[in-house]
Amino acid sequence: MRKILSWSMLLFFAVAVAAPSVLVADEMPAATEAVPAPEAPPPEAEAAGTGGAEDKLAALEQQAADLKIAADTIWTMIAGFLVFFMNAGFALLESGLCRKKNAATILGKNFTVFGAATIAYWLLGFSLMFGNGSSFLGALSPFVGDASLYESLSWTSIPIEAKFFFQLAFAATAATIVSGCVDERNKYGSFIVFSFLLTILVYPFPGKWIWGAGWLADKGFWDFAGSTVVHSVGGWAGLAGILIIGPRIGKYGTDGKVHPIPGHSIPLAVLGTLILWLGWFGFNPGSTMGADFNAIAHIAMTTNIAAAAGLLAATGVAALKFGKPDINMSLNGALAGLVAITAPCAWVTPGGAFLIGAIGGVLCVFSILFWDKIKIDDPVGALSVHLVNGIWGTLAVGLFAAPGFAGGDAQPGLGLFYGGGMGQVIPQIIGIVSVGAFTLTASLILWTVIKVTIGARVTEEEEVEGLDYMEIGVEAYVGDTIHANR
């Protein structure tokens with residue numbers, strides 16, 4: 001039977017191959033007959049043939065353009081998903097570096113903030129930041145799916161909804177940074193209200209000035225992925241919260257001595273930091289908002305080198321200063337390097353990234369000590385990571401921007417160390433000062449209004465007993481007694 005089937009298949013293929021030749025042979029004239037010479041096609045046929053070729057070429061070009069848009073969109077959305085996942089990193093890092101009695105509240109804040117930011121950014125924030133308007137302010141309207149209303153984002157051809165989602169993830173990150181600054185004494189509801197107001201009324205203004213074709217962009221200010229737009233804004237807003245709310249009970253003695261309040265879970269903090277490091281490969285390379293493989297690869301490399309340099313520098317400095325390496329400093333050192341490289345990541349060499357990250361790690365260690373010295377209680381080191389290194393990274397653009405490295409739709413002037421003089425440094429300083437002054441002032445106003453209306457800080461009893469039990473009625477670790485590990 002197998003032989004019959006085999007021969008049947010062979011016969012079938014033989015007929016299939018031979019049939020076209022037989023049919024063509026039947027239609028061909030005999031070899032002895034004269035074959036008439038082909039006549040020249042009429043002019044109309046030539047025109048039709050040319051038009052057909054042009055149509056095919058146009059169709060191929062359109063297919064290539066559609067394919068590029070699809071690739072750009074997929075890459076941007078994946079990058080946005082990674083930035084969204086950074087919320088998990090912040091939640092684990094913050095809860096790990098704080099006390100067990102407040103862990104569930106901190107996790108809840110970092111979970112809820114994305115919801116508050118989403119609604120705020122949809123209602124007004126995105127349009128204020130990118131909508132057609134002046135160089136200072138965009139449009140006063142909710143987000144709509146009409147790309148023509150957001151001309152400042154016309155440099156990337158992905159759908160406007162993709163642009164919205166990616167930028168939303170950044171806006172939510174700025175709000176999340178504030179959480180770490182005011183952990184363990186800020187009211188749960190007050191933080192959510194502030195996050196909403198920050199996203200809808202504060203964050204869009206620096207974003208418009210820098211990324212929305214605003215006045216700082218016109219002056220030559222550059223921030224590729226958000227050292228200023230995201231991290232410094234979050235840091236300034238967090239500093240305002242600390243100033244209004246005050247330090248935790250027992251953090252500073254009457255004699256001026258600093259009393260360390262250790263966190264309850266180093267494993268959570270390490271895992272959170274690793275998630276943030278991973279998310280940064282969406283944060284920085286994703287800011288191309290297009291599948292430019294050269295730019296993505298270069299930015300990923302500078303991002304990773306800066307993180308590694310910050311980690312090692314902070315670890316070494318802490319070991320020299322304290323006699324032993326400090327894992328908390330190591331974690332924040334890596335994050336400091338990541339924040340510092342965020343603004344210049346597309347425009348610096350790997351060597352420049354190493355220096356930027358290493359300096360960021362050193363700054364982080366001494367900054368943490370400085371804030372404690374002036375009694376600014378920052379439980380997780382958020383000011384040192386995001387504010388101080390957001391400023392440093394922004395300034396680093398003016399120092400290290402190198403010839404031959406470009407990302408996005410244009411390239412800044414050369415950095416000071418590459419012969420550019422102060423040409424790129426001055427716009428960076430103007431941006432740092434103007435964004436800092438605006439964000440700190442606006443945030444102080446918002447925190448003050450919250451304080452006198454719904455209250456910004458929990459009571460002394462609630463702070464001592466723990467926010468999990470007193471604020472939300474749920475403790476992070478089932479089975480623990482209420483008064484354990486205070």
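Just so it is clear, the structure is predicted and the values come from calculations on it, not from any experiment.
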Residues N304, W277; criterion side-chain hydrogen bond (donor to acceptor under 3.5 Å, both in side chains); working and verdict: CA-CA 8 Å; N304 196 58; W277 194 334; 3.1 Å; yes

Compare every heavy atom of [Y] with every heavy atom of [X], then report the nearest pair and how far apart it is.
X	Y	value
V202	S443	CG1-OG, 4.4 Å
C181	I242	O-CG1, 3.4 Å
G80	A169	O-CB, 4.0 Å
G290	T76	N-OG1, 3.8 Å
I177	V230	CD1-O, 4.0 Å
Y252	D372	OH-OD1, 2.8 Å

side-chain contact (heavy atoms from CB on, under 4.5 Å) evaluation trace for Q428 with W222: CA-CA 7 Å; Q428 301 304 110; W222 283 90; 4.0 Å; yes

Close side-chain approach of [X] to [Y], heavy-atom, < 4.5 Å:
X	Y	value
W211	P206	no
S157	D72	yes
C364	M329	no
V113	F194	no
V193	L197	yes
L338	L276	no
V229	Y203	yes
W155	L153	yes

Between the side chains of [Y] and [X], is the shortest nitrogen-to-carboxylate-oxygen separation below 4.0 Å, so that they form an ion pair?
X	Y	value
K109	D183	yes
E463	R185	no
K101	D468	no

Expected output: side-chain [X] to main-chain [Y] donor-acceptor under 3.5 Å:
X	Y	answer
Y418	L399	no
D292	A295	yes
S190	G455	yes
N110	I106	yes
K208	G212	yes
T199	A117	no
T302	C345	yes
R457	N186	no
T288	P285	yes
N102	L467	yes

Any side-chain donor near an acceptor of the partner, E151 and S154, under 3.5 Å: no

S330-T315 side chain donor-acceptor pair, cut-off 3.5 Å: yes

Does [atom1] in [X] sit with more than 12 non-hydrogen atoms of other residues, nucleotides or ligands closer than 6.0 Å?
X	atom1	result
F143	CZ	yes
F111	CZ	no
M77	CE	yes
W122	CH2	no
K251	NZ	yes

Would you say the ring centers of [X] and [Y] fall short of 6.0 Å from each other?
X	Y	result
H298	F293	no
W280	H231	yes
W347	F224	yes
F126	F164	yes
F438	W209	yes
F85	F81	no

Residues I429, L395; criterion side-chain contact (heavy atoms from CB on, under 4.5 Å); working and verdict: CA-CA 7 Å; I429 294 175; L395 182 62; 4.1 Å; yes

Any chance you could measure [X], atom [atom1], to [Y], atom [atom2], to the nearest 0.5 Å?
X	Y	atom1	atom2	value
F196	L123	CZ	CG	5.5 Å
F191	S195	CZ	OG	3.5 Å
F136	L216	CZ	CG	10.0 Å
E184	I245	CD	CD1	12.5 Å
L440	W447	CG	CH2	13.0 Å

Ring geometry between F84 and F114 (parallel below 30°, tilted from 30 to 60°, perpendicular above 60°): perpendicular

Contacts of E471 that satisfy side-chain hydrogen bond (donor to acceptor under 3.5 Å, both in side chains) - sequence neighbours left out: none

Audit row: D146, I160, side-chain contact (heavy atoms from CB on, under 4.5 Å) steps and yes/no: CA-CA 7 Å; D146 184 351; I160 189 64; over 6 Å; no

side-chain hydrogen bond (donor to acceptor under 3.5 Å, both in side chains) evaluation trace for T394 with T228: CA-CA 6 Å; T394 302; T228 287; 2.5 Å; yes

Trace of the side-chain contact (heavy atoms from CB on, under 4.5 Å) decision for D378 with I368: CA-CA 8 Å; D378 177 12; I368 289 173; over 6 Å; no

Criterion side-chain hydrogen bond (donor to acceptor under 3.5 Å, both in side chains) on N284 and T303, from CA distance to verdict: CA-CA 7 Å; N284 286 3; T303 298; 3.0 Å; yes

Passing candidate, side chain to side chain contact (heavy atoms under 4.5 Å, CB included) with I430, options I426, V433, I432: I426

